[in-house]
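Worksheet: one structure, shown below.
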2 protein chains.
Amino acid sequence: MIMNRLPDKTVERLSQYRRTLNNQLAKGKTHIFSHEIANLLHITPVQVRRDIMLIGYSGTLRKGYDIKEMIELIGTIIDTDQGVKIAVIGMGNLGKAFIHYMYEKQTKLKIVAAFDINPDKIDKTYEDVYCYHLDRLEEIIKELGIGIAIIATPPEVASPLADRLKEAGIRGILNYTPRPLSPREGVYLEEHDMITSLEKVAYFVKA
Amino acid sequence: MIMNRLPDKTVERLSQYRRTLNNQLAKGKTHIFSHEIANLLHITPVQVRRDIMLIGYSGTLRKGYDIKEMIELIGTIIDTDQGVKIAVIGMGNLGKAFIHYMYEKQTKLKIVAAFDINPDKIDKTYEDVYCYHLDRLEEIIKELGIGIAIIATPPEVASPLADRLKEAGIRGILNYTPRPLSPREGVYLEEHDMITSLEKVAYFVKA
DNA sequence: ATTTGCCTGTTAATAGAATAACAAGGCAAT
DNA sequence: ATTGCCTTGTTATTCTATTAACAGGCAAAT
Ligand SMILES: NC(=O)c1ccc[n+]([C@@H]2O[C@H](COP(=O)([O-])OP(=O)(O)OC[C@H]3O[C@@H](n4cnc5c(N)ncnc54)[C@H](O)[C@@H]3O)[C@@H](O)[C@H]2O)c1
Ligand SMILES: NC(=O)c1ccc[n+]([C@@H]2O[C@H](COP(=O)([O-])OP(=O)(O)OC[C@H]3O[C@@H](n4cnc5c(N)ncnc54)[C@H](O)[C@@H]3O)[C@@H](O)[C@H]2O)c1
């Protein structure tokens with residue numbers, strides 16, 4: 001199947017569709033209509049159908065979409081076959097929350113290592129994830145074949161860290177530090193900051 | 001100043017501009033050019049100028065923008081005078097990370113209460129934030145005048161919780177649960193899920 | 001057998017956001 | 001004073017995303 005680069009937002013929704021579909025499958029459903037998916041995710045049915053069109057899938061006319069097929073198809077699009085290995089840098093509250101969150105999730109994404117500089121955290125295992133000293137960053141990334149890094153360190157170190165990560169061969173960074181990172185050639189970057197979200201909510205609440 | 005509803009994305013950036021401007025002010029700068037702001041945030045100068053235009057501010061021609069003035073103006077737009085009070089529901093790793101993050105930040109946004117159902121967490125203070133039993137949710141929201149809630153509980157309880165929050169008079173919800181909430185009349189909703197972000201990164205890394 | 005109703009798939013229209021283009025102002029150097 | 005160079009402010013264009021519109025098809029009801 002020839003697939004042009006999908007729109008950003010469609011990719012985000014595919015991830016959500018899959019999660020929802022998995023839930024429905026677990027409940028014993030085998031087929032689902034676009035408006036059912038839409039209701040579960042609180043978006044419009046048209047948008048669901050449009051996204052499905054973009055990935056080249058087709059439902060059957062009066063039965064809707066085959067849940068299992070669709071889950072698998074989404075898998076071939078957003079997963080890689082071998083799965084993606086992830087590292088968390090900074091084992092504070094936030095880093096731990098992420099590891100806890102990903103623990104025992106059935107996705108192809110797997111947090112396989114954590115890094116810190118605080119001796120209290122190093123060489124300990126938190127929910128199956130081993131924490132290494134930051135000095136070993138490049139070594140472990142190579143050894144385990146880690147592709148994506150989540151930055152959850154204090155803001156000051158985010159930028160130099162991103163440089164090291166790029167050099168070490170990391171292909172994608174998820175930055176939770178409030179310090180925005182400059183895009184680096186060949187490294188996909190995604191950022192999120194709570195204060196920005198909160199101030200946005202506050203603004204629209206005020207109006 | 002008559003101000004139409006600002007675009008979503010502009011509001012997000014205003015929050016970031018202010019943070020950056022505060023940093024620069026602390027370094028002793030008094031004026032700043034659009035391209036300097038742009039570099040610090042890794043966006044384009046045009047976009048900075050356009051946003052500034054939308055809020056009706058003007059810089060001086062060869063000196064750029066007066067940092068102090070601009071910080072104040074952004075304040076009048078996204079802050080409310082009395083500040084906004086915030087509650088965190090769910091004092092797990094994530095809830096604690098948020099409280100820690102907001103602690104001692106100089107913004108008008110203030111986390112003033114936490115709620116949980118686990119006796120180990122209740123009636124304790126974490127970084128100046130007191131944790132109440134969920135039973136007292138409505139009472140405390142009214143008493144303290146809380147306007148925004150951050151949901152960091154297990155996913156199952158998110159939806160009923162949102163109903164209670166609405167009834168209690170909450171105007172904005174920031175949902176960090178992977179369960180999408182349906183919009184509720186009169187309550188501004190913002191959501192973020194790490195797995196979606198990760199899968200998005202994974203997709204674009206793969207391509 | 002025909003009609004009705006309800007889905008899908010796709011194209012067309014609209015809205016929203018980012019980028020490009022450029023006029024105008026003023027400082028600095030000459 | 002004139003020229004050249006930056007920088008702002010704003011309008012126009014392009015790009016991206018969402019929503020609307022509708023043709024096509026099948027199943028069930030009449
Ligand atoms: N985006 C958001 O919504 C959000 C929310 C909360 C916190 N934050 C940010 O996330 C970051 C982490 O927050 P937290 O609450 O977990 O903080 P924390 O202080 O609990 O954890 C930081 C961890 O990073 C470690 N660390 C320090 N320097 C390091 C280095 N050079 N390399 C590797 N590890 C290092 C520390 O030892 C500590 O374990 C902070 O930058 C904070 O501002 C963001
Ligand atoms: N969006 C993200 O990026 C992200 C990341 C990590 C975790 N999460 C989600 O955030 C939530 C919290 O994660 P965590 O790691 O802090 O989990 P956690 O288990 O550490 O914390 C959950 C807390 O909620 C409390 N709680 C349970 N039921 C409650 C109720 N009815 N009312 C109030 N409090 C209640 C528990 O006592 C506990 O303290 C989970 O839903 C998790 O899936 C989201």
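Quick note on labels: first sequence line is chain A, next is B, and so on, each numbered from 1. Excluded from the calculations below are hydrogen atoms, water molecules and symmetry mates; all remaining heavy atoms, backbone and side chain alike, are included.
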Quiz item: Quick one: B/I55 CD1 to D/dT10 C1', roughly how many Å, whole number?
Solution: 16 Å
Quiz item: Could you give the CD1-to-C1' distance, from A/I52 to C/dT10, as a whole number of Å?
Solution: 14 Å
Exercise. Not counting sequence neighbours, list each pair that qualifies as a salt bridge (Lys or Arg N to Asp or Glu O under 4.0 Å) and has a residue in residues 64-83 of chain A.
Key: A/R18-A/D79
Quiz prompt | Atom-to-atom span, NE2 of B/H31 to C1' of C/dC27 - whole angstrom | solution = 15 Å
Quiz item: To the nearest Å, how far apart are A/R49 CZ and C/dC6 P?
Solution: 14 Å
Practice problem: Could you pull out all residues at least two apart from B/Y103 that satisfy side-chain hydrogen bond (donor to acceptor under 3.5 Å, both in side chains)? | Solution: none
Side-chain donor/acceptor pairs under 3.5 Å, residues 93-102 of chain A, sequence neighbours excluded:
from	atom 1	to	atom 2	distance (Å)
A/H100	ND1	A/E127	OE1	3.4
A/H100	ND1	A/E127	OE2	3.0
A/Y101	OH	B/D193	OD1	2.4

Quiz item: How close or far is atom C1' of C/dT8 from atom CD1 of A/I37, stated in whole angstroms?
Solution: 12 Å
Exercise. State whether A/S58 places a side-chain N or O below 4.0 Å from either non-bridging phosphate oxygen (OP1 or OP2) of C/dG9.
Key: yes
Quiz item: Tell me, for nucleotides 24-30 of chain D in 5' to 3' order, what letter each nucleotide earns: B for a base near a protein heavy atom under 4.0 Å, S for only sugar-phosphate near one, - for neither?
Solution: BBBS---
Exercise. Run the numbers on B/V48 and B/I43 for side-chain contact (heavy atoms from CB on, under 4.5 Å), then give the verdict.
Key: CA-CA 8 Å; B/V48 174; B/I43 57 180; 3.9 Å; yes
Quiz item: So which pairs with a foot in residues 163-183 of chain A pass salt bridge (Lys or Arg N to Asp or Glu O under 4.0 Å), sequence neighbours left out?
Solution: A/E138-A/R164, A/D163-A/R184
Practice problem: Kindly write out the residues that satisfy side-chain hydrogen bond (donor to acceptor under 3.5 Å, both in side chains) with B/S34, not counting sequence neighbours, or none if the list is empty. | Solution: B/R49
Quiz item: Between A/L6 (CG) and D/dT18 (P), how many Å, whole number?
Solution: 13 Å
Quiz prompt | Set of side-chain hydrogen bond (donor to acceptor under 3.5 Å, both in side chains) partners for A/H35, sequence neighbours left out | solution = none
Practice problem: Do nucleotides 14-20 of chain C as a string where each nucleotide becomes B, S or -: B if the base has a protein heavy atom under 4.0 Å, S if just the sugar-phosphate does, - if no protein is that close. | Solution: ---SSBB
Exercise. Taking ring pair (Phe, Tyr, Trp, His ring centres under 6.0 Å) as the test, write out the residues that go with A/Y57, two or more places apart.
Key: none
Practice problem: Find the distance B/H35:NE2 to D/dC5:P and express it as a whole number of Å. | Solution: 17 Å
